Every structure is written in C-alpha cells, then in structure tokens.
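All values reported here derive from a predicted model rather than from experimental measurement.
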Amino acid sequence: MTQPGLDRPTEGRFENREHRFPVRVYFEDTDLSGVVYHANYLRYMERARSDMLRVGGIDQRAAQEAGEGAYAVVDLRIRYAAPARLDDALLVTSRLTQLRAASVVIHQTVMRDTLVLADAVVTVAFVSPTGRPRRQPSAWTDIFQRLVWQGDTEYP
C-alpha cells in the first residue's frame, strides 16, 4: 500500500524529446497575495533543466569537480500568463530547441493541467571555471543531438 502523495514520481521523465518535471506549490513559494512569487517560476525551471540533464545522462557535478566547467544562464525571456497558487500540482516541460558549440537553447513551460502559467526561452552556455565560454563536452553534444526538439516551438 502506498501513502498518499508518495505514488508520484520524484523526478522528471522524457516523453519523446520533451522532458516533463512535476512540481508542487508550497506555502514558501507564495507571496502575500497568495500566488506564486514570480522568481519561483525561475526556480522551478532551473530544477527542471538540471533534472533534464541528469535524466538525459549528463553529469554536471562531475564536470564541475573535474574543472571542465558548468552551465550559466546567458539569456532568458519569460512571459507570465496566469498565477499558480498554494498546493497546485504543476508540470514544467522542457524542450531543447537549438544546439550550438558552447550553448543550448531550451523552451520551458510551466503548466497547471493544460493551462500555461509561464513560458520561457532560456539560453545556457557552458563556461570554464574562469567564466569563459567553451565547447561543451562532445559526449554531451551527442546526447543533445538526440534530444533536439523537432516540432514547432512558439516563443514568448
């Protein structure tokens, strides 16, 4: 027998080339008006991106510890469409839409059921420990090649 709420996955998963990451809204996520504070959508998206890489087979921690580098957000466009509220079950979808030598572009959407709450396009660059852009590890670009979204993507 499972306990209530423990039968849901604790990590995201890929469906075709789209990563799907569940998020629950907690009291700490809301502001005085009772809705999710705008910066928390960025946190949800960051968690989803990190999970997408991990589930896809990319070990960011090992790369950082080996002195190879890490990802940094270099561009972000976001549109807020509707509020999330306490205890909402949300889904963050992430689609890799563009692969470059040192960066990737990811389209992310935060949804409640079928309602889009926030929509963003995030560019992350792989940077050296000194902060300079550098080519992503070739094994990672091989993984990304298999994940690049082939469908239409609307941007905010």
Side-chain angles (χ1 to χ4, degrees), residues 2-26 29 35-36 38-66 68-85 87-127 133-156:
T2 61
Q3 294 178 345
L6 296 180
D7 56 343
R8 295 188 180 106
T10 58
E11 65 178 25
R13 67 187 185 288
F14 279 98
E15 288 187 13
N16 297 318
R17 296 176 185 205
E18 180 179 75
H19 182 262
R20 301 168 67 81
F21 184 77
V23 174
R24 174 73 61 185
V25 175
Y26 295 102
D29 298 323
V35 300
V36 170
H38 73 278
N40 287 331
Y41 291 94
L42 300 175
R43 290 185 174 136
Y44 301 156
M45 291 177 190
E46 175 66 36
R47 290 177 199 155
R49 285 193 309 277
S50 294
D51 190 76
M52 177 182 72
L53 296 176
R54 188 181 53 74
V55 171
I58 293 172
D59 189 345
Q60 295 185 89
R61 183 176 175 176
Q64 183 182 26
E65 289 175 352
E68 294 177 28
Y71 284 109
V73 172
V74 296
D75 188 60
L76 170 69
R77 289 175 282 154
I78 189 166
R79 179 183 63 218
Y80 298 99
R85 298 183 186 281
D87 206 37
D88 280 352
L90 307 179
L91 182 68
V92 181
T93 62
S94 303
R95 298 173 177 175
L96 178 68
T97 60
Q98 197 170 36
L99 173 61
R100 301 178 186 138
S103 66
V104 292
V105 178
I106 304 164
H107 180 219
Q108 294 189 279
T109 305
V110 180
M111 302 170 62
R112 181 181 53 241
D113 299 319
T114 60
L115 179 64
V116 173
L117 306 179
D119 194 49
V121 176
V122 183
T123 302
V124 294
F126 193 68
V127 296
R134 68 183 307 178
R135 288 186 174 275
Q136 300 171 84
S138 61
W140 293 10
T141 57
D142 291 345
I143 291 169
F144 287 146
Q145 289 286 352
R146 295 190 304 270
L147 296 177
V148 173
W149 183 256
Q150 301 297 313
D152 293 332
T153 301
E154 293 182 25
Y155 295 108

Are [X] and [Y] side-chain neighbours, meaning at least one heavy-atom pair lies under 4.5 Å?
X: Gln145; Y: Leu99; value: yes
X: Thr97; Y: Ile106; value: no
X: Tyr71; Y: Leu53; value: yes
X: Val122; Y: Arg49; value: yes
X: Arg24; Y: Asp87; value: yes
X: Tyr41; Y: Leu117; value: yes
X: Val104; Y: Phe144; value: yes

Closest non-hydrogen atom pair between [X] and [Y], with its separation:
X: His38; Y: Tyr80; value: O-OH, 3.1 Å
X: Ala101; Y: Arg135; value: CB-NH1, 3.2 Å
X: Ala125; Y: Val74; value: CB-CG1, 3.8 Å
X: Leu76; Y: Ala120; value: CD1-CB, 4.2 Å
X: Val127; Y: Ala72; value: CG2-CB, 4.3 Å
X: Val35; Y: Pro83; value: CG1-CB, 3.7 Å

For the [atom1] atom of [X] and the [atom2] atom of [Y], what is their distance to the nearest 0.5 Å?
X: Met111; Y: Thr93; atom1: CE; atom2: OG1; value: 6.5 Å
X: Leu147; Y: Arg95; atom1: CG; atom2: CZ; value: 13.5 Å
X: Gln60; Y: Phe126; atom1: CD; atom2: CZ; value: 9.0 Å

**Message:** Test salt bridge (Lys or Arg N to Asp or Glu O under 4.0 Å) on Arg43 and Glu46; report intermediate values, then the result.
**Reply:** CA-CA 5 Å; Arg43 290 185 174 136; Glu46 175 66 36; over 6 Å; no
For the pair [X] and [Y], find out whether any cationic side-chain nitrogen is under 4.0 Å from an anionic carboxylate oxygen.
X: Glu18; Y: Arg20; answer: yes
X: Arg54; Y: Asp51; answer: yes
X: Glu68; Y: Arg134; answer: no

**Message:** Over 60° means perpendicular and under 30° means parallel, so tell me whether Phe21 and His19 are parallel, tilted or perpendicular.
**Reply:** parallel
**Item:** side-chain contact (heavy atoms from CB on, under 4.5 Å) between Ile143 and Ile58, worked out
**Value:** CA-CA 8 Å; Ile143 291 169; Ile58 293 172; 3.8 Å; yes
**Message:** For Val110 and Met45: C-alpha separation, side-chain torsions, deciding distance, then whether side-chain contact (heavy atoms from CB on, under 4.5 Å) applies.
**Reply:** CA-CA 8 Å; Val110 180; Met45 291 177 190; 3.7 Å; yes
**Asked** If you draw the axis of the six-membered ring of Trp149, does the NZ or CZ of Arg17 fall within 45° of it and under 6.0 Å from the ring centre?
**Response** no
**Asked** If you draw a 6.0 Å radius around OH in Tyr26, do more than 12 non-hydrogen atoms from other residues or ligands fall strictly inside?
**Response** no
**Prompt:** Does CG in Asp142 sit with more than 12 non-hydrogen atoms of other residues, nucleotides or ligands closer than 6.0 Å?
**Reply:** yes
**Message:** Would His107 and Leu96 count as a side-chain contact (heavy atoms from CB on, under 4.5 Å) here? Give the steps.
**Reply:** CA-CA 6 Å; His107 180 219; Leu96 178 68; over 6 Å; no
**Prompt:** Taking it one step at a time, do Ile78 and Leu42 satisfy side-chain contact (heavy atoms from CB on, under 4.5 Å)?
**Reply:** CA-CA 9 Å; Ile78 189 166; Leu42 300 175; 3.9 Å; yes
**Item:** Trace of the salt bridge (Lys or Arg N to Asp or Glu O under 4.0 Å) decision for Arg13 with Glu15
**Value:** CA-CA 7 Å; Arg13 67 187 185 288; Glu15 288 187 13; 2.9 Å; yes
**Asked** Going by atom types alone, do Gln108 and Ser94 pair a side-chain donor with an acceptor below 3.5 Å?
**Response** yes
**Asked** Among side-chain atoms of Tyr44 and Asp29, is any donor-acceptor pair under 3.5 angstrom?
**Response** yes
**Item:** Main-chain N/O of Ser138 paired to Thr141 side chain as donor or acceptor, under 3.5 Å
**Value:** yes
